[in-house]
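For the numbers below, each heavy atom of this structure counts, side chains included, while hydrogens, waters and symmetry mates do not.
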Amino acid sequence: MVQAIVIPANDTEPIEPRDLRTLEDYQAEVGGWIEHVDLPEVGVTLVVNENGIAQALPFNRRATFFWWFHQGYRRRRVRLVGNVVLVGLEGTDGDPTDIPTPIAELLLVPGEFAVEARRAGDQEWRSDPSLHPNYVEALVWACMVKELGETGLELRVTRAEGDTASEPPC
């Protein structure tokens, strides 16, 4: 059994934890054959429907911005569609592992988040004064800042309480 998180394409549906056991469990969550998209820097794999675009599945804004934040070079190139399952990277046996606890907490534990920035070479992080109602909305804002901001700007997302919630890149 693998502890996973499902990010529905429908923004009105909550992001929820799931225990997945079989290939059929993953296929049921994404609605078809699966494809793995690894994010080694974060320690997660996004499991998506490999035919989602051909099936005209709906755009998954929350999963896409999560991916874009951690793999910035893909911004504006590829969008994730349909429901997305997050699990840990493959273990030594080739099977997915549990979602890392820090990522699960970011996505599942309510709280406000801030986006912090620093210029390359600077030691000090500067916080944007606006707070975001959840981790994903902060990621959306961070990606927008990265896209429209100055070159070489490093970004991270932190909980409003000050605990580091994510590290660059974006």
### Task
With side chain to side chain contact (heavy atoms under 4.5 Å, CB included) as the test, would you mind laying out the steps for Trp67 and Arg79 before giving the verdict?
CA-CA 9 Å; Trp67 186 36; Arg79 296 179 188 175; over 6 Å; no
Closest non-hydrogen atom pair between [X] and [Y], with its separation:
| X | Y | value |
| --- | --- | --- |
| Glu13 | Pro8 | OE1-CB, 3.5 Å |
| Ala142 | Val157 | CB-CG2, 4.4 Å |
| Trp141 | Asp128 | NE1-OD2, 2.6 Å |
| Asn83 | Ala9 | OD1-N, 2.9 Å |
| Pro96 | Val2 | O-CG2, 3.5 Å |
| Leu155 | Ala117 | CD2-CB, 3.4 Å |

### Message
For Arg156 and Arg118: C-alpha separation, side-chain torsions, deciding distance, then whether side chain to side chain contact (heavy atoms under 4.5 Å, CB included) applies.
### Response
CA-CA 9 Å; Arg156 70 179 182 185; Arg118 71 177 176 190; over 6 Å; no
### Task
List the steps, then state whether side chain to side chain contact (heavy atoms under 4.5 Å, CB included) holds for Leu80 with Phe66.
CA-CA 10 Å; Leu80 300 176; Phe66 179 87; over 6 Å; no
Partners passing side-chain hydrogen bond (donor to acceptor under 3.5 Å, both in side chains) against [X] (at least two apart in sequence or in another chain):
| X | value |
| --- | --- |
| Glu24 | Thr22 |
| Gln3 | none |
| Thr92 | none |
| Arg61 | Asp11, Glu137 |

### Message
Holding to side chain to side chain contact (heavy atoms under 4.5 Å, CB included), I want the full list of residues that pass it with Arg119, two or more places apart in sequence or in another chain.
### Response
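Checked Arg119 against side chain to side chain contact (heavy atoms under 4.5 Å, CB included); matches are Asp122, Arg126, Glu150, Leu153.
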### Message
Could you work out, with side chain to side chain contact (heavy atoms under 4.5 Å, CB included) as the rule, every residue matching Ala4, not counting sequence neighbours?
### Response
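Partners of Ala4 by the side chain to side chain contact (heavy atoms under 4.5 Å, CB included) criterion, ordered by chain and then number, come out as Leu20, Val85, Val87.
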### Close side-chain approach of Asp19 to Arg21, heavy-atom, < 4.5 Å
no
### Task
May I have the step-by-step check of salt bridge (charged side-chain N to carboxylate O under 4.0 Å, His left out) for Arg18 and Glu16, ending in yes or no?
CA-CA 7 Å; Arg18 295 275 199 294; Glu16 294 185 322; 3.1 Å; yes
### Task
Could you work out the complete set of other residues in the hydrophobic cluster of Val81, with links drawn between I, L, V, M, F, W and Y side chains under 4.5 Å apart?
Ile53, Leu57
#### Entry: Residues in salt bridge (Lys or Arg N to Asp or Glu O under 4.0 Å) contact with Glu112, at least two apart in sequence or another chain
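Scan of Glu112 (salt bridge (Lys or Arg N to Asp or Glu O under 4.0 Å), adjacent residues dropped) gives none.
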Output a table of donor-acceptor pairs, distance under 3.5 Å, between side-chain atoms of residues 30-38 and any protein atom two or more places apart or on a different chain; print 'none' if there are none.
unit_1 : atom_1 : unit_2 : atom_2 : d
Asp38  : OD1    : Thr45  : OG1    : 2.6

Measuring from atom [atom1] of [X] to atom [atom2] of [Y], what distance do you get when rounded to the nearest 0.5 angstrom?
| X | Y | atom1 | atom2 | value |
| --- | --- | --- | --- | --- |
| Met144 | Trp68 | CE | CH2 | 9.5 Å |
| Leu86 | Ile15 | CG | CD1 | 8.5 Å |
| Asn49 | Tyr26 | CG | OH | 15.5 Å |
| Asn10 | Arg62 | CG | CZ | 7.5 Å |

Transitively linked via ILVMFWY side-chain contacts under 4.5 Å: [X] with [Y]?
| X | Y | value |
| --- | --- | --- |
| Ile99 | Val48 | yes |
| Leu39 | Val47 | no |
| Val6 | Phe59 | no |

### Task
Taking Thr97 for its side chain and Leu89 for its backbone only, find out whether a donor-acceptor pair lies under 3.5 Å.
yes
### Task
Just grab all the salt bridge (charged side-chain N to carboxylate O under 4.0 Å, His left out) pairs involving residues 83-104, residues at least two apart or on different chains.
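As it turns out, there is no salt bridge (charged side-chain N to carboxylate O under 4.0 Å, His left out) pair with a partner in residues 83-104 once direct neighbours are skipped.
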What donor-acceptor contacts under 3.5 angstrom involve side-chain atoms of residues 100-110, with partners at least two apart or in another chain?
none

